[in-house]
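Labels below follow one simple rule: chain letters A, B, ... track the order of the sequence lines, proteins then strands, and each chain is numbered from 1. These values consider heavy atoms only, across backbone and side chains, with no hydrogens, waters or symmetry-generated copies.
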Protein chains: 2
Amino acid sequence: MKQQQILLKERPNGMPTRSTFQYEETDVVQPTEGEVQLKTLYLSVDPYMRGRMNDAKSYTAPFQVGEPLNGGIVAVVTKSHSNGLQEGDVVTGMLEWKEYNTVDADAVRKLDLHGVSSSAALGVLGMPGLTAYFGMYKIGEPKEGETVVISGAAGAVGSVAGQLAKIKGARVIGIVGSKEKADYIKSLGFDEAINYKTDNLKEVLKEHCPDGIDVYFENVGGEISDHILPHLNTFARVPVCGSISSYNLEKGERDIGVRVQGFLVKARVKMQGFLVRDFEDQFQEAYKALASYIEAGELQYEETIHEGIERVPEAFIGLFKGENIGKQLVKVSEK
Amino acid sequence: MKQQQILLKERPNGMPTRSTFQYEETDVVQPTEGEVQLKTLYLSVDPYMRGRMNDAKSYTAPFQVGEPLNGGIVAVVTKSHSNGLQEGDVVTGMLEWKEYNTVDADAVRKLDLHGVSSSAALGVLGMPGLTAYFGMYKIGEPKEGETVVISGAAGAVGSVAGQLAKIKGARVIGIVGSKEKADYIKSLGFDEAINYKTDNLKEVLKEHCPDGIDVYFENVGGEISDHILPHLNTFARVPVCGSISSYNLEKGERDIGVRVQGFLVKARVKMQGFLVRDFEDQFQEAYKALASYIEAGELQYEETIHEGIERVPEAFIGLFKGENIGKQLVKVSEK
């Protein structure tokens, strides 16, 4: 049996394009002892993958040219040679971008989503949800009545981070790039939404943050960030989750803007980069909390789902154009 | 009796000049019940005072035009109407820039320097020493074998911070602006000295930090800092003590350089601004530790002392030209 897989054709210089990706027909592999064959249901595209496309030492090994790309996938077991998993089980793991993965059963985790759609394992109950949880609760630590600002607020991480801050009683302002996204985050309970493409950031930040900013959850970097700095209150916390505005710099281009040092000293700010995997020992606590918030109706989530493995490049590139609301997924097949 | 005092004549735009300061003759005030009259021995000039010369909200109230400047001073009690202090006692406190202060006895602290010169109360056993202690030990937290880089390494704070890192067994590299300062920090036990004015920073950082940087103690900001960022190791700590390169920006000028966000995420770096007074409840612990290191010969210090109250502007302006080695003081009178 044949299947499609997606390889890294060439390392992008700047924004990825269709020619970053190569589709290839390959055999579906039969599982041997201890292995399972998995049919991909949902494939996750995430901004951090852009970093892995560069040939640069970073926190995760770079993708290799000519090799399959990989990332978070939800799949169904189609054949099992393992006692732990049965045909029909729905699992998640870091898998290759193909229609069928054949891997050791230990490489995936069986989903137990308490009635939530399996796709949530790639979003609110997956890496993005955990990222929001640890960034907001372990570094941001918002307190009742504090002002929290979130950039990239309609995305998979930002939309969860904002609701988590609301749960703690903070005033939450989200920064987004369209009217539709502004409406979306207001519907989630954000107190204010700023559209950086149409609002005068300098003015509206003053207006919406009259008491300054206590937590800035950083997803985008760039000029938006530059505008935040003067508003940071004494002992403000800045969990740095990402800086998507800088991911597609061209070779030799540097991310130039306002230096932070003066602001950090003046207000004694803590600015801290983090990765979800740094909190691995606390994943169970986080899954449990997020599931309970969903059950209680305090945490909502949205997914932007493209259908068909052929739409993966479009979905990935769209992340950097702000096309998604909530978690961007590709639905590869039906269960 | 008449005395000289120094007022803020006008707020500097950019680098302070002689015309930032105004000398004025004024009466020496007689102390009343509970007060003491103090003769200034040593007057401290510190980079942070530049911020107070602006009419801007910051962590300390701005100086007022036409009013005396103030800062850390060591003085001797010349008259006492307080039971707590006697004539001849040597004290320190935040006092006005004049030859004689008359203040409530509670506003100053009697020195008990265990044989160290009283001037040390403004340096290694004063605000700069405490700043180095808390920044290095409570935020930087260097471990044995780690690589620590310190900018402004020959100054009052940097020179102490480096020695404190050595005490913990770290490899310590200092960045300074002259050959004389490079020799000085090597004499203190720094493993390497970089002269940013003559060395190619990019090259020598690679050479001296082959295993990356675990702690960067930030005193200067600016381009030096920009060069440090790519070398920060996973979970590096950056205590941000100051950014002297940006203190004399002209009105409307912004501190533009490399944005930190991308580096902070990639290496999960914690960058944290701090002020010594945030650690007030731990001052006694710090004084004790610093005094014990001095006694054990593990902590040395240097002072650059100008003589005469008329040299205060020169001493202050010199801070921003890198003219001092160790703590910059003005000796106003003999005990």
Side-chain angles (χ1 to χ4, degrees), chain A residues 47-48 51 54 56-60 131 135 139 151 212 216 218-226 228-230 232-247 249 254-279, chain B residues 47-48 51 54 56-60 131 135 139 151 212 216 218-226 228-230 232-247 249 254-279:
Chain A
Y48 81 87
N54 295 333
K57 189 188 119 181
S58 184
Y59 51 82
T60 313
T131 301
I139 300 175
S151 55
Y216 172 56
E218 172 75 285
N219 282 313
V220 303
E223 277 181 43
I224 291 175
S225 219
D226 294 351
I228 296 289
L229 294 169
L232 293 173
N233 283 336
T234 303
F235 299 124
R237 290 80 67 197
V238 182
V240 186
C241 172
S243 65
I244 195 168
S245 71
S246 71
Y247 292 175
L249 293 177
R254 296 196 308 168
D255 186 20
I256 299 297
V258 176
R259 289 200 184 95
V260 301
Q261 285 85 344
F263 298 99
L264 298 195
V265 181
K266 208 179 290 185
R268 294 100 102 192
V269 173
K270 181 177 77 173
M271 197 166 179
Q272 187 167 356
F274 70 100
L275 290 183
V276 65
R277 71 164 189 239
D278 301 337
F279 298 93
Chain B
Y48 82 87
N54 295 334
K57 188 188 122 183
S58 185
Y59 50 82
T60 312
T131 300
I139 300 176
S151 55
Y216 172 54
E218 172 75 285
N219 283 313
V220 303
E223 276 180 45
I224 290 175
S225 218
D226 295 349
I228 296 288
L229 294 169
L232 293 173
N233 283 337
T234 303
F235 300 123
R237 290 81 66 196
V238 181
V240 186
C241 172
S243 64
I244 195 169
S245 71
S246 71
Y247 292 175
L249 293 177
R254 297 196 306 168
D255 186 19
I256 300 296
V258 176
R259 289 201 185 95
V260 300
Q261 285 85 345
F263 298 99
L264 299 195
V265 181
K266 208 178 290 186
R268 295 101 100 190
V269 173
K270 181 177 77 173
M271 196 166 179
Q272 187 167 356
F274 71 99
L275 290 182
V276 66
R277 70 164 188 239
D278 302 336
F279 297 92

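The salt bridge (charged side-chain N to carboxylate O under 4.0 Å, His left out) test applied to A:R259 returns B:D226, B:D255, not counting sequence neighbours.
No side-chain N or O of B:Q261 forms a donor-acceptor pair with one of A:S246 less than 3.5 Å apart.
Here A:G257 is the residue among A:G262, A:S243, A:S225, A:G257 with the most heavy-atom pairs under 4.5 Å with chain B.
With a threshold of 4.5 angstrom between heavy atoms, B:F235 approaches chain A through side-chain atoms but not through N, CA, C or O. Of the two parts of B:V260, only the side chain, counted from C-beta on, holds a non-hydrogen atom closer than 4.5 Å to a non-hydrogen atom of chain A.
For the side chain to side chain donor-acceptor pair (under 3.5 Å) condition, the pairs that include at least one residue of residues 265-277 of chain B, sequence neighbours left out, are A:D278-B:R268.
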